[in-house]
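These numbers were taken from a predicted model, which means no experiment stands behind them.
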Amino acid sequence: MQPTVKLYETDAAPLAFTATVLACEPAGQGWRAALDETAFYPEGGGQPADVGTLRCGEQTANVLYTYEQGEQIFHLCDRPLPVGETAEGQIDFEKRFANMQIHSGEHILSGVIFTELGLHNVGFHMGHEVNTIDLDGELSPATARQIEEKVNRILYENRPVFVGYPDAETLQKLPLRKKPEVEHLRVVEVQDCDWCGCCGTHV
């Protein structure tokens with residue numbers, strides 16, 4: 001089966017799309033469907049999976065979970081989809097936008113902590129009620145308040161966020177928080193604040 005084209009990697013804003021159903025098979029209490037392309041983000045990198053709907057003609061399936069396996073992205077649905085047909089996808093906007101805001105905020109927070117204190121983000125998880133960042137050092141309560149104030153100032157400035165795929169030469173020159181382990185890396189930049197390899201969705 002061909003690799004899934006990841007629409008969310010180049011633009012996180014389009015929440016509606018059309019795609020061809022390549023496969024659909026029983027999986028647990030539902031079915032898993034593969035499309036030729038998708039805007040649904042699969043769980044990974046600390047970010048939860050997108051949910052929403054896939055509609056083929058008069059039939060609409062709820063997408064309850066999305067995950068990546070190899071080069072394909074699978075959508076766990078509550079009903080089967082006809083293989084070979086065109087599906088109209090719709091992402092749950094409220095959940096996606098919350099994830100975009102939280103993930104971009106995490107980059108700003110991690111960027112400020114790295115710049116100010118030299119501490120690295122070594123773990124990140126977005127939960128239903130709590131989001132956590134693991135650092136390779138400790139923050140005192142006073143320092144945490146100072147960092148919070150600086151992060152809030154950057155948020156108020158409404159700095160732009162960019163996504164790009166720099167070539168290997170450019171990649172080596174960027175002030176990335178984490179050194180790249182590959183030559184082809186998707187980089188998310190918060191202007192004058194943070195540069196980090198990331199596959200997630202951002203504002």
Residue pair C193 / T115: nearest heavy atoms and the distance that separates them: O-OG1, 4.3 Å
- prompt: Do the non-hydrogen side-chain atoms of N99 and P48 ever get within less than 4.5 Å of each other?
  reply: yes
task: Would you confirm whether T66, through its side chain, and D50, through its main-chain N or O, come within 3.5 Å as a donor-acceptor pair?
output: yes
message: Check for me, please, whether V187 and V161 land in the same ILVMFWY cluster - side-chain distances under 4.5 Å, paths through other members count.
response: no
field: Side-chain heavy-atom pair N121, L109 within 4.5 angstrom cut-off
entry: no
query: Do the charged groups of E9 and R186 touch, with an N to O distance under 4.0 Å?
result: no
- prompt: Do the side chains of L135 and I108 join up, straight or via other hydrophobic residues, at under 4.5 Å, putting them in one cluster?
  reply: yes
query: For V203, does its backbone N or O pair with a side-chain atom of S104 as donor and acceptor, under 3.5 Å?
result: yes
statement: Residue set satisfying salt bridge (charged side-chain N to carboxylate O under 4.0 Å, His left out) with E148, at least two apart, ordered chain then number -> none
message: Checking R159 now: which residues fulfil salt bridge (charged side-chain N to carboxylate O under 4.0 Å, His left out) with it, not counting sequence neighbours?
response: E157
query: Is there a donor-acceptor pair closer than 3.5 Å between any side-chain N or O of E88 and the backbone N or O of T60?
result: no
query: Any donor-acceptor pair under 3.5 Å linking the side chain of H75 with the backbone of A33?
result: yes
message: Below 30° counts as parallel, above 60° as perpendicular, anything between as tilted: where do the rings of F97 and F93 land?
response: parallel
query: Quick one: does NZ or CZ of R32 land under 6.0 Å from the six-membered ring centre of F74, within 45 degrees of the ring axis?
result: yes
query: Is it true that a side-chain atom of R55 and a backbone atom of Q90 form a donor plus acceptor pair closer than 3.5 Å?
result: no
query: Taking C-beta and beyond as the side chain, do Y41 and C199 meet within less than 4.5 Å on heavy atoms?
result: yes
message: Let's go through E149 and R145 carefully: what are the C-alpha distance in whole Å and the side-chain angles of both, what is the deciding distance for salt bridge (Lys or Arg N to Asp or Glu O under 4.0 Å) to 0.1 Å, and is it a yes or a no?
response: CA-CA 6 Å; E149 291 175 1; R145 284 192 292 272; over 6 Å; no
- line: Here the pair of heavy atoms bringing V83 nearest to C24 is CG2-N, 3.7 Å
- prompt: Do F40 and V51 share a hydrophobic cluster (ILVMFWY, side-chain heavy atoms under 4.5 Å, transitive)?
  reply: no
Side-chain donor/acceptor of Q72 to backbone N/O of M1, under 3.5 Å: yes
- request: Indicate, with yes or no, if L35 and V5 share a hydrophobic cluster defined by side-chain heavy-atom contacts under 4.5 Å among Ile, Leu, Val, Met, Phe, Trp and Tyr.
  value: yes
- prompt: Between T143 and L139, is there a donor-acceptor pair closer than 3.5 Å when you use the side chain of the first and the backbone of the second?
  reply: no
message: Taking the side chain as everything from C-beta on, heavy atoms only, tell me whether D36 gets closer than 4.5 Å to Q2.
response: yes
